[in-house]
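Working notes, structure below.
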Amino acid sequence: MTKSEQLFQEAVQVIPGGVNSPVRAFQSIGGTPRFIKHAQGACLYDEDDNCYIDFVGSWGPMILGHSRKEVLERVIEACQRGLSFGAATAAEVDMAKLVCSMVPSMEMVRMVNSGTEAVMSAVRAARGFTGREKIIKFTGCYHGHSDGLLVQAGSGAMTAGVPDSLGVPQGCTKDTLSAEYNHLDHVESHFQRCGEEIAAVIVEPVAANMGVVPPAPGFLEGLRKLCDTYGALLIFDEVITGFRLAAGGAQEYYGVMPDLTTLGKIIGGGMPVGAYGGRREIMEMVAPLGGVYQAGTLSGNPVAMAAGLAQLTLLKEHPNFYQELNQKADWFYGKMRELVEKEGLFCQVNQAGSLGCLYFTKQKVVDYQSAKTSDTQAFAEYCNYMLGQGIYLAPSQFEAMFLSLAHTEEMLERVFQSMLTFFLQKV
Ligand code: KE4
């Protein structure tokens, strides 16, 4: 028995499903989750000292690779000054100034402790600012696990085939309207029917929780226009795309400005940090200034701020990182596409910047319905094969691959070799 198997046996006795987040459970691909002991650069090392090239990167935060020296040094220094004060600190001011300088639409920002908390708070601020109650979200998009957003959700909810959740009262979701991602006409019909009641449209500017589905040309611009026409707010959930597609996230990459933005993952450098922010007049509604209440014991925690500041500072001071990362991604996913075409595989390769997804379907994947045509059993076989080759992919067809600056060309060549071997043995 491996140490991971032994640990998993113990874990399932005391933690639901043996994991602290469902997507880590390997349920959709089978087998035992690997228990990770440490990580360095682009590699994970499990409790049995197996090494894996990591394409999860903690689900996005590790854009610079694991255990980046400059980040660890700041965190250790912060720890030596004390772990948490529950009081204002200079680091929070530095962080807020840095985030507002990087995210084009952000005039004010509030730190929280997760992407879920950021989205929950941004939606409340939108409702408080507009005095309206309804929101529009997109099928297959995932915005964390707050009650009102667990409607037709992506990520783990989609993986488990339960896009809604038990325990969420009807009252919490009656004001959540669903539309198909990349289908502006669905959004328009919601607005035509009850536009005066709609507080906000919340969207992942790249849908990265049903695999990776980029916005169709004009989709984001169309949402901006509809929100302006009907007086609703546009919320970009950039928990994944923020500081990834560009220093200014998807809003810089695609040139569409939201009213509010939610952030997570990269902003924390691997520590639990979320944030929401945007137009000053909206954020000034937030307590203690305004009547929209939101709070958090560990919000702006000094150790977490140290990690986030270190990572974001590196990204801001080296803008060529994005050029390097996105060029590497174009090469990597381009070669995957060539392989699929050359071998005549029933697969699709979707990409947005350094995010990518290999879908096991012959249909182009442009929205939730086409994503759902994927053969999840075929994906499971592939994922387990790659794991055996020392390549750690997200254990779900409906998650993204996250490239980092630490992935070398040699590592990526190894991935192709393993892919080729897998597919050749299938013919
Ligand atoms: P967290 O509460 O997990 O920090 O963030 C929620 C969230 C919000 N918005 C978007 C666009 C997200 O992708 C997420 C979380 N992403 C998943 C991965 N697809 C986190 C992995 C997990 O649930 O363990």
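All values reported here derive from a predicted model rather than from experimental measurement. Atoms within a ligand are numbered from 1 in the order they appear, just like the ligands themselves. No hydrogens, no waters, no symmetry mates; every other heavy atom, side chains included, goes into these values.
- S28 and S396 form no side-chain donor-acceptor contact under 3.5 Å, judged by distance and modelled atom types alone.
- For Y253, there are no ring pair (Phe, Tyr, Trp, His ring centres under 6.0 Å) partners two or more places apart in sequence or in a different chain.
- Residue pairs meeting the side-chain hydrogen bond (donor to acceptor under 3.5 Å, both in side chains) criterion with at least one member in residues 4-20, sequence neighbours excluded: T2-E5.
- If you look at ligand 1, the protein residues with a non-hydrogen atom under 4.0 Å away are S21, V23, W59, S114, G115, T116, Y142, H143, G144, S155, E204, N209, D237, V239, I240, K265, E399.
- For Y293, the OH atom counts as loosely surrounded, since its 6.0 Å shell holds 12 or fewer non-hydrogen atoms of other residues, nucleotides or ligands.
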Test side-chain hydrogen bond (donor to acceptor under 3.5 Å, both in side chains) applied to Q251 and S105, step by step: CA-CA 8 Å; Q251 54 197 266; S105 65; 2.5 Å; yes
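- Applying the salt bridge (charged side-chain N to carboxylate O under 4.0 Å, His left out) test to R414 and every residue at least two apart in sequence or in another chain returns nothing.
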